[in-house]
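As structure tokens, the structure follows; a few thoughts come after it.
Since the structure is predicted, the reported quantities are computational estimates derived from the model, not experimental observations. Proteins come first, then strands; the chains are lettered A, B, ... in the order of their sequence lines, and each starts at number 1.
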There are 2 protein chains.
Amino acid sequence: MTTRTAPGPRERLLEAAQRLTYSQGMAVGVDALLKEANVARRSLYEHFGGKDGLIAEVLRRSTAEDEAAYHQAIEAAGDDPRTRLLGVFDGIAAAIDRPDFRGCRYLAADLALTDPDHPGHAITRAYRMRVQQLLEHELLALGHPRPVAAAGELLLLIDGALAAGVTRPATHPAASARRLAEHVLDARPAAA
Amino acid sequence: MTTRTAPGPRERLLEAAQRLTYSQGMAVGVDALLKEANVARRSLYEHFGGKDGLIAEVLRRSTAEDEAAYHQAIEAAGDDPRTRLLGVFDGIAAAIDRPDFRGCRYLAADLALTDPDHPGHAITRAYRMRVQQLLEHELLALGHPRPVAAAGELLLLIDGALAAGVTRPATHPAASARRLAEHVLDARPAAA
DNA sequence: GTCCGGGTAGATCAATCGTTCTACTTCTGA
DNA sequence: TCAGAAGTAGAACGATTGATCTACCCGGAC
């Protein structure tokens, strides 16, 4: 048995930090994290070396989970390549509707982590590349004439939906993004 | 003469805060602001009552300037309603290309100002509504069948371009957004 | 001349930040 | 049984935060 026992301090701390850094931003105090996780101060520094190490690990874990969520949203949409790609936007719509939605964690992280050498930046960058490649793969299966460019456009629609989901959620930005995504997917081969 | 003399401490402080809160985020220290503006500590509290008051005034000033920039980008694009609206995305492309571009200041502000009662939120909200109405006005002049919905879609493209301009500027997100905007503008009246 | 509003310079305060440390407890394996 | 790793609880440190306060200076209006 691998994870049958009660989660240890490392796990509790990661989970609490993942929650609090999203709801309150990267500027949450160490004390708040420790209290939320019911963990001793010492455990944080032994496991992660400091707040920055914890934040980096939180981003690593979050990107893995979110990448899995993309795969799941695609897989849950069936076999038709077009429907699968549109499923991504259904997943985003569901995310925006959640009461604790606060926008794209990774854009917020890049804006909040002032130090350009913070390890968090490399993690968010790698995550975006993986999502881009995931979209490209599906666009290739769809037989899209410009998979790379189209993936970039879909990413732009995703970024826009997540941002608008924060500032004007009542306008259902994910639905708008989905409509525009259909236009991206239906692009015909260049006439020339 | 209205503003011919050297700018006073209030003006210097506003200008410095506008620059630093954008480049370093809302978490810049008061000391850094005072140093950058060459202003005494006391002046800040006499003119703005505190850091929050200064931030609110900075947002007010920035929104006014950016709203004027939208008008200018539209006006510079001539008389054709379609070209005028696409001019917005040319302006965004130019903004992203500037070396100090750091994304949408107002999204960053809403994410950074944890307190939901901070006066800054009301200012960013009002700004977005003014931009939305500006777009609606142009869409109406264009004779668009669904001006309100289309304005929302254009705003989504703007948000997406500004976000992607931070995380992957090399992909020229403003150009992508402009292409998608053309599709929004060319929507035909519903067949039903 | 002098008086005073507005400005600068800087000490100071309480609070909070991330971090380090000591002291005690708890659980586990040999 | 007991040694030791791992965890908890919490004091304490230095740095920094936003904010308040005192002391000084300067330029016009009267």
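Considering only side-chain N and O atoms, A/Ser43 lies under 4.0 angstrom from the phosphate OP1 or OP2 of D/dT8. For D/dG7, the OP1/OP2 oxygens have a side-chain nitrogen or oxygen of A/His47 closer than 4.0 Å.
In this structure, A/Lys35 atom NZ and C/dT16 atom P are separated by 12 Å, rounded to whole Å. One can place CG of B/Leu33 at 17 Å from C1' of C/dT8, the figure rounded to the nearest angstrom. B/Asp31 has its CG atom 14 Å from the C1' atom of D/dT20, to the nearest Å. The nearest whole Å value for the distance from the CG atom in A/Leu54 to the C1' atom in C/dT19 is 14 Å. Protein atom CD1 of B/Ile55 is 14 Å distant from nucleotide atom C1' of D/dA19, rounded to whole Å. Atom C1' of nucleotide C/dG18 and atom CZ of A/Phe48 are separated by 16 Å, given to the nearest angstrom. Rounding to whole angstrom units, CG of residue B/Leu44 and P of C/dA9 are separated by 14 Å.
Side-chain atoms of A/Lys51 never come within 3.5 Å of backbone atoms of A/Leu44 as a donor-acceptor pair (strictly under, hydrogens ignored). In this structure, B/Tyr106 contributes its side chain and B/Ser62 its backbone to a donor-acceptor pair below 3.5 Å. Formation of a donor-acceptor pair under 3.5 Å by the A/His121 side chain with backbone atoms of A/Asp115 is found in this model. Panel note: side chain B/Arg84, backbone B/Gly78; a donor-acceptor pair is recorded below 3.5 Å.
As judged by a 4.0 angstrom heavy-atom cut-off over every strand, A/Gly8 is placed among residues making no nucleic acid contact. At a threshold of 4.0 angstrom between heavy atoms, the contacts of B/Arg12 are confined to the sugar-phosphate backbone, with no base atom among them. Across all strands, B/Asn38 comes closer than 4.0 Å only to sugar-phosphate atoms, never to a base (heavy-atom distances).
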Q) When you look at A/Phe48 and A/Ile55, which way does the side-chain contact (heavy atoms from CB on, under 4.5 Å) test go after all the steps? A) CA-CA 9 Å; A/Phe48 304 101; A/Ile55 285 185; over 6 Å; no
(Q) Working note: B/Val88 + B/Glu138, criterion side-chain contact (heavy atoms from CB on, under 4.5 Å); need CA distance, chi angles, decisive distance, verdict. (A) CA-CA 11 Å; B/Val88 166; B/Glu138 293 293 326; over 6 Å; no
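A residue-by-residue look at B/Arg42 and B/Gly49 shows that B/Gly49 has its nearest nucleotide of DNA chain D further toward the 5' end. When the nearest nucleotides of DNA chain C are assigned to A/Leu34 and B/Glu46 by heavy-atom distance, the more 5′-ward of the two goes with B/Glu46.
Here the side chain of A/Lys51 is nearest to one of C/dT19, D/dT8, D/dA19, namely C/dT19. The listed nucleotides are C/dT8, D/dT20, C/dT20; the one nearest the side chain of B/Tyr45 is D/dT20.
Between the base of C/dT19 and the side chain of A/Arg41 there is a donor-acceptor pair shorter than 3.5 Å.
Two residues are said to be in side-chain contact when any heavy atoms from C-beta on lie closer than 4.5 Å; A/Val39 and A/His47 fail this criterion.
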What N/O pairs connect the protein and nucleotides 27-29 of chain C at under 3.5 Å? Give each pair on its own line.
none

